Amino acid sequence: MGLSSERYIAIRLLIMYLDSRKSAQVSEIVKGFDGFDPTVHNCLINANIQWGNLDQARRLFDEMPERNEVSWTALISGLMRYGRVDESMWYFERNPFHNVVSWTAAINGLVQNGLNAEALKLFLKLLDSGVRPNSVTFTSVLRACAGFGEIGLGMSVLGLIVKTGFEHNISVSNSLITLCLKTGEKALARRIFDQMEKKDVVSWTAILDMYVGMGDLREARRIFDDMPERNEVSWSAMIARYSQSGHPEEALKLFLQMSGNGFVPNRSCLAIILSALATLEDLRVGMNIHAHVVKIGYEKDVFISSSLVDLYCKCGKTKEGRVAFDSMLEKSVVSWNSMVGGYCLNGQMEEAKVLFDSIPAPNNVSWNTMVGGYLENKEFDKVFEVFNEMLLCGETPNTSTFSSVLSGCASIASLEKGKNLHGKAIKHGTQYDVFVGTALVDMYAKSGDIKSSKKVFDRMPEKNEVSWTVMIQGLAENGFTEESLLLFEEMNRTSIVAPNELMLLSVLFACSHTGLVDDGLQYFNSMEAVYGTKPKGKHYTCVVDILSRSGRLVEAEELLKSMPFEPETNAWSALLSGCSKHKNEEIAERTAKKLWELVEKNSAGYVMLSNIYASAGRWVDVLNIRRLMKDRGLKKSGGCSWVEVKNEVHCFYSEDASHCQLAEIYDLLELVRFEMLAI
DNA sequence: GTAGGGTTAG
């Protein structure tokens, strides 16, 4: 192969065949070269690195009778890419061609492997050696600075950048913006962006991301719309942000728009959109995308296939999700977590546990998935069991863990466990998180310690809708109805959080228990007009209760009749008890009749009715109903109360005396009663 | 040899 153009064509062909992995054609081309050719060897090395055959690449390199600078750099960066830092550095030190490119390859490799300090040390050595850094070197070095999260370091590098005249380089400026964003210097990032003479898609996307990080999706979208040019990455960025910020429908809209504009979604974008579709539980479109993914041969991508597992599971199809999961050649811990989470979501806790136990390297998300799964499926004992196991395994609980386990405490009203966890949460520095704070407020409130609940709430640096809801609800249900109403008003004055259904229910509940009839009516009437939430059955019931208690029975009955949907049984019984309290035979008659009709349908109605008769002192009627229930084989779902002793909750059921220490308990009670009588 | 976007849990 003498002519240089002939050689050039052969090498282009070789690269092409290597790209499409056509080995027969590759060896044919290689044979066409007589003797050793370093460029051919370099191509083979690069291809093997690309395929992950590191040892083959190394062998090829070691066999070379002579190597050029490209050979050295290829191996150094290749080894770095797969985390083989020491080997890479071994070659770097023996590299006779100490040019900028190989220095930069090593520096960047160290950064890629999270060894930021080593990277900066190597950069200082580079400066000592007299080799001049270039723009690529600076982007890597700035990334190392960003890894430290400290802007000062970056600023001293900036001095060097200015001195060497790279401050107007686009890549360098882009890296500077990224550094500023990672260190929280948003104003500076914006200034650098504004001062750039030339901006590219990367600059625009970086600044777009800044506004998303600040929670300002609107401004981000404005920037996206104003971008002079876009590529598939900027589209993906905006789509991803919508999806991650709880707007999957916007993400889908933009995705369709992107395709309409002729952009072909890449792997990242497909993973993002599948995740958005999972959130939307849109199986139809999701399956379309799945088909497309298979068609273009992307189904082996770990990100995409993990999203597919998630999609099927979120749509309730754990079987299909499992098929997708089982067919994955390469699984990441995220794939495992998605499948485990899928089982949890669909109440298949046994399958979830089996799969969880076989995760090769579970991370804290895996553990949190199990903890959250047991919580959602109300297996509270297991919540604490898994949590303890997690601690024993040395896994660090995070905000997600604590918020789940604390919710578990709230559900079983276990103050002792809750307090213990509060301490642990503080120890792990998670107490100022919104989720943890909210779970603490709820836990204390549900356990009856409203003081602690309020204390935690007042100290929360950030409050969301749920935080306000649980506090308002907690106050109302613990009898602090005035405080509850005051807090609701405070929220309306001071926070951007809008009242939701649950809060308004608590507010109405508070009004009914404080006898604030007109306030209650006013809140009720402003639900739709002011707060934009349609009253549900429970709200109507509460208002009927408010009116009935205060004797405004005609209004209560009117309200019930004017409802746009069927009222709850409770609403009728509230009216009936109002009637018996305020002695209105006429309305009572009609209401009782209505109740009897409803009562036929379920046992709860019978119980309610018997309770109403009981509270009105109509014992004969009570007995009649009880007898009727027995005749028809209906059983009341039992009431239960519980106490917590030494970290264990003991339940006592009204009609089922089954506690293991029942005899002893009764003995002791008798003793206490005797002592009391003696005094 | 480089800068921006990817999947899971509360």
Side-chain angles (χ1 to χ4, degrees), chain A residues 69-70 73-74 76-78 80-81 99-109 111-112 134-143 146 169-179 181 200-210 212 231-241 243-244 265-276 278 301-311 313-314 332-342 344-345 363-373 375-376 398-407 430 433-436 438-439 466:
Chain A
E69 30 185 63
V70 179
T73 314
I76 291 166
S77 65
M80 282 291 192
R81 206 196 303 172
N99 58 2
V100 215
V101 181
S102 63
W103 277 98
T104 307
I107 292 173
N108 185 54
V111 178
Q112 271 180 1
N134 65 15
S135 60
V136 183
T137 321
F138 281 122
T139 57
S140 299
V141 172
L142 286 173
R143 204 174 136 198
N169 179 286
I170 297 192
S171 302
V172 172
S173 298
N174 288 341
S175 301
L176 271 171
I177 292 176
T178 308
L179 168 72
L181 294 180
D200 64 5
V201 229
V202 180
S203 337
W204 284 96
T205 312
I207 214 74
L208 179 155
D209 222 25
M210 179 181 94
V212 180
N231 61 12
E232 74 278 0
V233 178
S234 24
W235 278 96
S236 303
M238 195 67 233
I239 294 171
R241 293 320 187 208
S243 177
Q244 292 156 349
N266 58 19
R267 286 163 194 266
S268 308
C269 199
L270 287 167
I272 298 163
I273 205 62
L274 281 169
S275 144
D301 184 290
V302 242
F303 285 89
I304 292 178
S305 44
S306 301
S307 289
L308 277 169
V309 171
D310 186 45
L311 168 80
C313 291
K314 289 244 167 78
S332 71
V333 68
V334 178
S335 330
W336 288 90
N337 294 347
S338 299
M339 195 61 231
V340 171
C344 291
L345 192 68
N363 61 8
N364 58 359
V365 177
S366 325
W367 286 97
N368 291 344
T369 305
M370 282 311 287
V371 172
L375 178 73
E376 284 305 311
N398 62 12
T399 55
S400 168
T401 325
F402 282 114
S403 88
S404 295
V405 187
L406 282 165
S407 294
T430 58
D433 177 76
V434 212
F435 287 97
V436 175
T438 304
V466 187

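Not measured: the values here are computed from a predicted model.
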[N] phosphate, OP1 or OP2: any side-chain N/O from [X] under 4.0 angstrom?
X: A:Q244; N: B:dG5; result: no
X: A:K314; N: B:dA9; result: yes
X: A:R241; N: B:dG6; result: yes
X: A:R143; N: B:dA3; result: yes

With a 4.0 Å cut-off on heavy atoms, is [X] in touch with a base, just the backbone sugar-phosphate, or nothing at all?
X: A:S175; result: sugar-phosphate
X: A:E376; result: nothing
X: A:V436; result: nothing
X: A:N363; result: nothing
X: A:S268; result: base
X: A:S275; result: sugar-phosphate
X: A:E69; result: nothing

Rounding to a whole Å, what distance do you find between [X]:[atom1] and [N]:[atom2]?
X: A:M370; N: B:dA9; atom1: CE; atom2: P; result: 15 Å
X: A:D301; N: B:dG5; atom1: CG; atom2: P; result: 17 Å
X: A:Q112; N: B:dA3; atom1: CD; atom2: C1'; result: 12 Å
X: A:I207; N: B:dA3; atom1: CD1; atom2: C1'; result: 13 Å
X: A:M210; N: B:dG4; atom1: CE; atom2: C1'; result: 14 Å
X: A:F402; N: B:dG10; atom1: CZ; atom2: P; result: 17 Å
X: A:L274; N: B:dT7; atom1: CG; atom2: C1'; result: 9 Å
X: A:L142; N: B:dA3; atom1: CG; atom2: P; result: 12 Å

Just checking, any donor-acceptor pair under 3.5 angstrom between side chains of A:D200 and A:N174? yes
So, A:T399 versus A:T430: side-chain donor-acceptor pair below 3.5 Å or not? no
Which residues pass the ring-ring contact (aromatic ring centres under 6.0 Å, His included) test with A:W204, sequence neighbours left out? A:F193
Kindly write out the residues that satisfy ring-ring contact (aromatic ring centres under 6.0 Å, His included) with A:W336, not counting sequence neighbours, or none if the list is empty. A:F325
Taking atom types as they are modelled, is there a donor-acceptor pair under 3.5 Å from the base of [N] to the side chain of [X]?
X: A:D200; N: B:dG4; answer: no
X: A:D209; N: B:dG5; answer: no
X: A:S306; N: B:dT7; answer: yes
X: A:T399; N: B:dG10; answer: yes
X: A:N266; N: B:dG5; answer: yes

Taking the minimum atom-to-atom distance to the side chain of [X], which one of [options] wins?
X: A:S307; options: B:dG6, B:dG10, B:dT7; answer: B:dT7
X: A:V202; options: B:dT8, B:dG10, B:dG4; answer: B:dG4
X: A:N368; options: B:dA9, B:dG1, B:dT8; answer: B:dA9
X: A:N174; options: B:dA3, B:dT8, B:dG1; answer: B:dA3
X: A:S403; options: B:dG10, B:dT7, B:dG4; answer: B:dG10
X: A:T205; options: B:dG4, B:dG1, B:dT8; answer: B:dG4
X: A:N108; options: B:dG4, B:dT8, B:dG1; answer: B:dG1
X: A:V136; options: B:dG6, B:dG1, B:dG4; answer: B:dG1

Between the OG atom in A:S275 and the CG atom in A:L308, the distance rounded to the nearest 0.5 Å is 11.0 Å
To the nearest 0.5 Å, atom OG of A:S332 lies from atom CZ of A:F303 at 7.0 Å
Per side chain to side chain contact (heavy atoms under 4.5 Å, CB included), A:S400 is matched among A:N368, A:N364, A:D433, A:V405 by A:N368
